[in-house]
Amino acid sequence: MGREIICECGYVNPEGTILCEACGNPLRDDQTKPILTMRYEGGARRSQTYQRTIIDKIWNYFSSVKVGIALIILVLIAMAIGTILPQDNAIPSDDPETYYAKQWGAFGKLYVKLGFDHLYTSWWWIILLGLLGLSITVASIDRFVPLYRALKNQRVTRHERYLRRQRLFGRTQTDRPDEIIAKAKEVLKEKRYRIREENGNLFAEKGRFSRWGPYVNHIGILIVLLAGVLRFVPGMYVNEGVWIPEGEKRLLPGTHGKYYIENHRFVLQTYQKNDKRYQKALDRVGAVPKNFQSNVTLYKAKDSAILGEKPKLVKVKDYKIRVNHPLVYDHYRIYQSDFRTQLYKMKFNMVDKETGKSLGTFAVNLINPKKTYDLGNGYKVILEDYLPDFYFDKSGKPATKSNQPNNPAFVFKMVAPDRPKGDVSFVGIQTNLEPLGKNKYKIAFNNLITRYESGLSVRKDMTVWVAFVGAIIFLIGVAQGMYWNHRRVWLQRVNGELWLAANANKHWQSLKKDLSVLVDKTGLNAPVDQLEQKAFESENGRGLAT
Amino acid sequence: MNNEQYLSKRRWRLLMRTALILLIAAAVGFTIYQVVRDKQNIDVGDQAPDFALKTLDGKEVKLSDFRGQGVLLNFWGSWCDPCKEEMPYINEVYEKHLKNVKILAVNIQESPVVVRGFFERYGLKFTTVLDRDGAVTRAYHIGPIPTTFLIDKNGRIVKKITGGMDSPEAVEKNLKLVQP
Amino acid sequence: MSALTASRHLLLIAFILYTIGTILFTISVTGKKFRSKEGQQAGRRLGGVAFAVALLGFLSQVGYFFSRWKADGHVPVSNLFEYTTFFSMMMVLAFIIIYLIYKNNSVGIVTLPIAVIIIAYASVFPTDVEPLIPALQSNWLKIHVTTVALGEGILSLSFVAGLVYLIRVIDQSKRSARTFWLEAVLFVLICAVAFSAVSAIFQAQGYHVTFNWVNEKNEKDQLTYHMPAIAGPYEGEKIAKDSDRFGPLFEAPSWMNGKEAPRKLNTVIWSFIGGVILYLLIRLLLLGRRIGWALNRIMQGVNPPLMDEISYRAVAIGFPIFTLGGLVFAAIWAQEAWGRFWGWDPKEVWALITFFFYAAYLHFRLSRGWEGEKSAWLTVIGFIIIMFNLIFVNLVIAGLHSYA
């Protein structure tokens, strides 16, 4: 076939190999540098060796670390730009296009046009992450296979050129090589190296598993990305919100009619002003909230009712939902996420305008008002019309802006024994009109009753565990690759000398420490760090002033 | 390694590479499809979610009771200006009592006093139900109102109209769409 | 003595010990030559003493941490003063770890003064004991924040080693882009010193000026500056009592949405002015020569390949810890508190940017020609990103973390 490369030592290497898998002989002699490049053990990255189909070309392209780095940097820049302006879920508007343009002008317009307002759900972001996933997959497979082969096939006896061009290298003239090698074996064994011997040469290796770290952590990242995809599978993810006033029961959105929740009370606590410990800070910043809490009861629907119908409910449990303490049930998590105050009831007196005497008090429920309020003794008030969020519309007529009682106004008819037809009065906050002529009676504001509404969010996320497992695998992988290193020591007889060469894939200091012990105990000459030597020489050559 | 082994190895490798690339492309395609497709919507062709709500008189009305008839389902609120324009048009068509069609309005979270006041003020005769806690409004993913759905005799949504219809003719034309 | 007073004393002691340590480390390295045996021997002994002093300083700071914890009633990492102080402590811890591995003095020359600067910087923020808002009342506060700080501290050490590397290898005999950018980095560090000095001066005078303004939540509010206002709040007005006080010369732009952003901007401006003055003074003392030149003289004994390895090692140690604290623990807590483990909040995004950046760094190191100087510049950028997330995200962008 001729595609394989046969080394001097007789080993047959796959095409594209740089260093012989068995003896380390540099097969391509363009490596004129004094120190060998030991990345991937000089194995052949398959993709580099042939590319005939389009698939091979794609594969080859994404196998490159440079492409990977470029993708990482693109992702990084995109995210950085994405934080310049808020994302569209954080703006007080449903219409990003006009909002961004209004707030930030041409830049805002461009921002929306490029999809930065919803960066993390934009099509090009997803493609970018997909390409990153592809790059991780391809680059890992392409490197793992040859690296695994090279490390599995390595022989004890190495080519002279391989040894001489290791970063740490030393020669020792000796007439008792057996003794030294035996001692070295003992020392290295103590340091937990795995030892192999062949023809009186020694090869010690430690921490090879750390070479697999990158591939393990890449698997972890791919699982995290997979979790991101799974989130879009129907049923995997629920994210809803609901406002519930105190005393009310509501269907929990996102639960398909299965669960209801009743909000008994919302509790807001602040730190006490006279708390000695925090007094100074409280004086400086004012009130600080201590607790947001909704006391709720969770119910389960007994039968599946259709929407709007009240099914029979079975109590599941009482719970106090606080920030950091969600109610968890059946994969659903219910969070305390917000609160607001709602105008709930307004109390009025019906008053005789002349005498100022009150003829009775009544309360109007602003959420669900009654029509008639009987005050006794023949006096009653009839609610003719109700405008929960009162304003004057374009034609100057009273109208309501919304269905929320933000600014309630009422048309009351006051019936009294002496006014059987009733006086009509228009009552709002700070308004009291008599649209149909002079009245004998009036409605006087007495009191306003508010209540809290709890903002709860309902979440279900079946992908959490996938992402979590991915993250754990990632962390194991990085720790494996970063906290351990792969060290190898060769001790070989060459022409009556003992050659000592050593290689670490990173963190050379730990290897050097091992070697200094080895040198001390065996009497070998200390190996030279050829990289430092080079730095030193080039500097002195440059003639730096001292 | 002989030539044949070598080639079959390469064929296998090509197959695996193709499969992996396609897998990732499919995952990306799926995600983009899900993101771009706005799930937060009920659209033409979907089955109209069934509901049961009470009228002003406290009578329960169930959407599925109208199977076999066309339904005009109108979501409205008394605070909404286009609704004030549109409702009388709908009423005009209602008074014609077209055959085999039903007009049903759903009020969004307002009290009976307000709704009754509104119906009296505008002289409306057709049926409205009250979605007191907003569950139905939410299920139909109502954004701006009025929003009208036209539902055929099988309960399938035929048309969705966001914003007011501007004449009785428009209302009638739409209603005819679902008349069986 | 109350726990609070004790914590203050202990922090001061740590501050002083770090300063002494800086001086000792500097002497231990000064004038030695790369690969000269005698120089290394002498330096090693003094370096040992310097390390002991630094270790004592660290223990004193640990003492500060726990007494402050007692005073707070919760882990003291919940406001900017506490977090920043803790960050400096983690940086010193990272230094201790690296020193134990490499027994190298030159890293100390830069680490300890940066720790000193950071403590001084932190002390400018309100140091009152503050209560925890509901969102922070969680065990994850301890776990998440301390792990992040440790990770960032170790990653910062890669910057320190990278900086030493750059100081050592950049040829100061002629001006170049490299000498310029190195000077720029040193200038920023000087600005941080200036910030502490300027703050201390105005605080000693008790200076303050208060504005009425509309804050980032669109509420009417008052904002008190403790330095003369160069940049005022957007559409802010001085309160009547302060109407005769200095400034502002201009208003902060409206898009700065962080908590009390205009005041922070004003502080940045003062730091810059102070930095320029201080920098020029030092240049004057050096008879016009670059600061990089002077430091290069001191660091002749530094071993460049070793510095490169230390810098890489620090990333190798710090990266997994940062990922654990800043992404994994953060996600778990976010899931507990807000119901989503990831929400693209600006601070989260910048933590992810930090993660990606160091991931890119680790991959760059696989490419030939990216060891040494290029890597060192990358660690400088990495440190800028960490600082950006610590300071500027809170300054410019409103988000869930803006309470800090």
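Letters A, B, ... are given to chains in the order of the sequence lines, protein chains preceding strands, and every chain is numbered from 1.
- In this structure, the portions of C:V129 lying under 4.5 Å from any heavy atom of chain A include both its backbone and its side chain.
- Within residues 67-74 of chain A, the residues that have a heavy atom under 4.5 Å from a heavy atom of chain C are A:I69, A:I72, A:I73, listed by number.
- The parts of C:L132 that come within reach of chain A are both its backbone and its side chain, each placing non-hydrogen atoms under 4.5 angstrom from that chain.
- Put simply, OG1 on C:T323 and CZ on C:F329 are 11.5 Å apart, with the number rounded to the nearest 0.5 Å.
- Between A:D461 and C:R340 no salt bridge is recorded (no basic side-chain N to carboxylate O distance below 4.0 Å).
- Looking at A:K460, neither its backbone nor its side chain comes within 4.5 Å of chain C, counting heavy atoms on both sides.
- Using a 4.5 Å cut-off between heavy atoms, C:F319 touches chain A through its side chain atoms alone.
- Contacts of C:I101 with chain A are made by both backbone and side-chain atoms, with heavy-atom separations under 4.5 Å.
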(request) Start with the C-alpha gap between C:E348 and C:W342, add the side-chain angles, then the distance that decides, and say whether side-chain contact (heavy atoms from CB on, under 4.5 Å) holds. (result) CA-CA 8 Å; C:E348 286 175 350; C:W342 195 260; 3.8 Å; yes

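- Judged purely by atom type and a 3.5 angstrom limit, A:N324 uses its side chain to pair as donor or acceptor with the backbone of C:A135.
- Checking side-chain atoms of C:D128 against main-chain N and O of C:E130 turns up no donor-acceptor pair under 3.5 Å.
- Contact annotation for A:F292: both backbone and side-chain heavy atoms come within less than 4.5 Å of a heavy atom of chain C.
- Heavy atoms of C:L4 lying under 4.5 Å from chain A are absent altogether.
- Taking the six-membered ring where the residue is Trp, the centroids of C:F322 and C:F355 are separated by 6.0 Å or more.
- Using a 4.5 Å cut-off between heavy atoms, A:L132 touches chain C through its side chain atoms alone.
- A:Y335 and C:W338 have their aromatic ring centers separated by at least 6.0 angstrom.
- Using bins of under 30°, 30° to 60° and over 60° for the plane-to-plane angle, the ring pair A:Y120/C:W344 lands in the parallel bin.
- Ring to ring, C:F364 and C:F357 are not that close: their centroids are 6.0 angstrom or more apart.
- A:W465 and A:F468 have perpendicular rings, their planes meeting at more than 60° on a 0 to 90° scale where under 30° would count as parallel.
- Salt bridge absent: C:R168 and C:D308 never bring a charged side-chain N and a carboxylate O closer than 4.0 Å.
- Of the two parts of C:F341, only the side chain, counted from C-beta on, holds a non-hydrogen atom closer than 4.5 Å to a non-hydrogen atom of chain A.
- For the set C:Q137, C:E309, C:H363, the entry with the most heavy-atom pairs within less than 4.5 Å of chain A is C:E309.
- Between C:R365 and C:E371 there is no salt bridge, since none of the side-chain N atoms of the basic residue sits less than 4.0 Å from a carboxylate O of the acidic one.
- Taking the ring centre of C:W350 as origin, the terminal cationic atom of C:K347 falls outside the region bounded by 6.0 Å and 45° from the ring axis.
- For chain C, the nearby part of A:L282 is the side chain; its heavy atoms alone come within less than 4.5 Å.
- By the 6.0 Å contact criterion, NZ on A:K102 is open, its count of non-hydrogen atoms from other residues, nucleotides or ligands being 12 or less.
- When A:Q293, A:Q509, A:K280 are compared by the number of non-hydrogen pairs under 4.5 Å with chain C, A:Q509 comes out ahead.
- Only the side chain of A:V288 has a heavy atom closer than 4.5 Å to any heavy atom of chain C.
- Chain C forms more heavy-atom pairs under 4.5 Å with one residue of A:N217, A:V75, A:L475 than with any other, namely A:L475.
- Using a 4.5 Å cut-off between heavy atoms, A:R277 contacts chain C through both its backbone and its side chain.
- Using a 4.5 Å cut-off between heavy atoms, C:A331 makes no contact with chain A at all.
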